[in-house]
2 protein chains.
Amino acid sequence: MKVKTRWLTPPGQRAWRAVVGVHQGLPGVLARALQDCGNLSITDYVVLVALTDGPDGLHFQDLASTVQWEWSRMSHHLRRMAKRGLVTREECPKGGRGAHVVVTPGGCAAIETAAPRHVATVRRLVIDPLSPEELDMLTVLCERILGRLEADRP
Amino acid sequence: MKVKTRWLTPPGQRAWRAVVGVHQGLPGVLARALQDCGNLSITDYVVLVALTDGPDGLHFQDLASTVQWEWSRMSHHLRRMAKRGLVTREECPKGGRGAHVVVTPGGCAAIETAAPRHVATVRRLVIDPLSPEELDMLTVLCERILGRLEADRP
DNA sequence: GCATCATTGATGATGCGTCAACTACCGGTT
DNA sequence: AACCGGTAGTTGACGCATCATCAATGATGC
């Protein structure tokens, strides 16, 4: 019951396999590293980094747009994070409507322990095994692919 | 409330951003392409490709090991695919215990329409925008990273 | 001043993936 | 035969992501 499709050329197959392999392997290792120090998921980490990047919290919608999430996803995730004491919703200081999201001391502590280790993991897995020239090459190639991706999804 | 961590160097940041961008963007485009022709998810596609790669169906555990899934995940997914008429569980031809999974005619038709388009999408997004030398370079870099990943997860 | 509409955000339903039982069945041992 | 340990696979519960929908709060037109 062979499917008769013209598959990729051997170099193409090998490249695709490698890309898929990285795609499948990276999140697991990063997630484990984050789990080991502070019980954070990758998504928690992303949200906390966005929130702690400025001096104060962020508006709900600004937060959602900086991490490129839909509002509903953000809302659900903030509820779960709030239940775990990582963030809180406050009244908007500008008085208007809209939720203002801030990091609790607990969340701040969590991100401050997690961030250095996470960066170290990224370094170890992706940055360090490549020479500076190779890193630049990887950047160029990924950005080329990214361009196609964005052209595909306007 | 700035988190004071030594982040990546600018080239490192740019590389990491590009890698993450590809990682986040690729599945969406591939999933849409598969959805548009046959209502398959990426996971459906992977299972169907594995099943139609040989002349006959596969043993449950062989299927699980070729696509690198846990048994429970495979079991759940096969149940859902069976409910949609894509695969069936049969008695093992060897007589022993164990489930034998085969593709239904409907599943076969689905994969035969989906596969060429999927390959074309991969080509368009990843293979075509790169020259052969660049493709080889991408392979080498990804495989280097893969090595680190596997060293990290024994 | 109020009716209408868009924005902002929350909620419920559904599907997927993981973990931890749980069942069933085969093989060998006593 | 009865027992037992390991293999094969299923099931249930839970967390997360997405989609559709709902409620409340603006802004705008008349």
Side-chain angles (χ1 to χ4, degrees), chain A residues 23-32 34-35 39-48 51 57-102 153, chain B residues 23-32 34-35 39-48 51 57-102 153:
Chain A
H23 170 78
Q24 288 183 331
L26 255 182
V29 177
L30 291 174
R32 268 218 318 156
L34 281 173
Q35 196 78 12
N39 247 26
L40 294 180
S41 70
I42 298 184
T43 46
D44 298 334
Y45 179 83
V46 168
V47 169
L48 288 178
L51 280 177
L58 278 176
H59 242 54
F60 180 90
Q61 56 178 343
D62 297 335
L63 177 58
S65 80
T66 60
V67 303
Q68 301 262 55
W69 282 7
E70 293 182 20
W71 287 344
S72 70
R73 181 181 179 184
M74 182 58 78
S75 182
H76 282 301
H77 203 81
L78 286 181
R79 179 174 42 76
R80 291 187 289 252
M81 289 179 74
K83 198 166 60 183
R84 291 191 290 143
L86 296 171
V87 300
T88 349
R89 292 171 169 88
E90 287 185 352
E91 294 302 314
C92 180
K94 299 294 182 189
R97 61 183 159 166
H100 200 75
V101 186
V102 296
R153 191 64 163 148
Chain B
H23 170 77
Q24 288 184 330
L26 255 183
V29 178
L30 291 174
R32 266 219 317 156
L34 281 174
Q35 194 80 12
N39 248 26
L40 294 181
S41 70
I42 297 184
T43 46
D44 297 333
Y45 180 82
V46 168
V47 170
L48 288 177
L51 280 177
L58 277 176
H59 243 53
F60 179 90
Q61 56 179 339
D62 297 335
L63 177 57
S65 80
T66 61
V67 303
Q68 301 260 55
W69 283 5
E70 294 182 19
W71 284 353
S72 73
R73 180 181 180 183
M74 184 56 80
S75 182
H76 282 304
H77 203 80
L78 285 182
R79 177 176 44 76
R80 292 185 288 251
M81 288 178 76
K83 199 166 60 183
R84 289 191 290 144
L86 295 171
V87 299
T88 348
R89 289 170 169 88
E90 287 185 355
E91 294 301 314
C92 179
K94 299 293 181 189
R97 60 182 160 168
H100 200 74
V101 186
V102 297
R153 191 66 158 146

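Residue numbering restarts at 1 for every chain, and letters A, B, ... go by the order of the sequence lines.
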Engineer: Does a side-chain heavy-atom distance below 4.5 Å link A:Thr43 with A:Arg73?
Structural biologist: yes
Engineer: Roughly, in whole Å, what's the span from CD in B:Gln35 to P in C:dC16?
Structural biologist: 11 Å
Engineer: Given atom NE2 of B:His100 and atom P of D:dA8, what is their separation to the nearest angstrom?
Structural biologist: 15 Å
Engineer: So, A:Arg79 versus A:His76: side-chain donor-acceptor pair below 3.5 Å or not?
Structural biologist: yes
Engineer: Among the candidates D:dT18, D:dC19, D:dT10, find the nucleotide nearest to the side-chain atoms of A:Glu70.
Structural biologist: D:dC19
Engineer: Under a 3.5 Å cut-off for both distances, is D:dC30 Watson-Crick or wobble paired, and to whom?
Structural biologist: C:dG1
Engineer: Heavy atoms only: give me the nearest B:Ala82-B:Arg89 pair and the separation to one decimal.
Structural biologist: CB-NH1, 4.5 Å
Engineer: Can you measure B:Asp44 atom CG to C:dG15 atom P for me and round it to whole angstrom units?
Structural biologist: 13 Å
Engineer: Quick check on D:dG9: is either OP1 or OP2 less than 4.0 Å from any side-chain nitrogen or oxygen of B:Arg79?
Structural biologist: no
Engineer: Using whole Å, report how far CZ of B:Phe60 lies from P of C:dT23.
Structural biologist: 18 Å
Engineer: Would you kindly give the NE2-to-P distance between B:His77 and D:dT11, to the nearest whole Å?
Structural biologist: 16 Å
Engineer: If you take atom types as modelled and just measure distance, does the side chain of B:His76 reach the base of C:dT18 with a donor-acceptor pair under 3.5 Å?
Structural biologist: yes
Engineer: Measure the distance from CD on B:Gln61 to C1' on D:dT10 and round it to the nearest whole Å.
Structural biologist: 15 Å
Engineer: Rounded to whole angstrom units, what separation is found between the CE atom of B:Met74 and the C1' atom of C:dC16?
Structural biologist: 14 Å
Engineer: Look at the rings of B:His77 and B:Trp69 and say which category their plane angle falls in: under 30° parallel, 30 to 60° tilted, over 60° perpendicular.
Structural biologist: perpendicular
Engineer: Would a 4.5 Å heavy-atom cut-off, applied to side chains only, mark B:Met74 and B:Val67 as touching?
Structural biologist: yes
Engineer: Calculate the interatomic distance between B:Leu78 atom CG and C:dC16 atom P; express it in whole Å.
Structural biologist: 12 Å
Engineer: Scan A:Arg84 against the nucleic acid and name what it touches under 4.0 Å (heavy atoms): base, sugar-phosphate only, or nothing.
Structural biologist: nothing
Engineer: Please check the phosphate of D:dC16 (OP1 and OP2 only) for any side-chain N or O of A:Arg80 closer than 4.0 Å.
Structural biologist: yes
Engineer: Can a donor-acceptor pair under 3.5 Å be found between the side-chain atoms of B:Ser72 and the base atoms of C:dC19?
Structural biologist: yes
Engineer: Of the listed nucleotides (C:dG9, D:dA8, C:dT18), which one gets closest to any side-chain atom of B:Trp71?
Structural biologist: D:dA8
Engineer: Would you say a side-chain N or O of B:Arg89 is under 4.0 Å from OP1 or OP2 of D:dG9?
Structural biologist: no
Engineer: If you look at every strand shown and take non-hydrogen atoms under 4.0 Å, does B:Thr43 touch a base, only sugar-phosphate, or nothing?
Structural biologist: sugar-phosphate
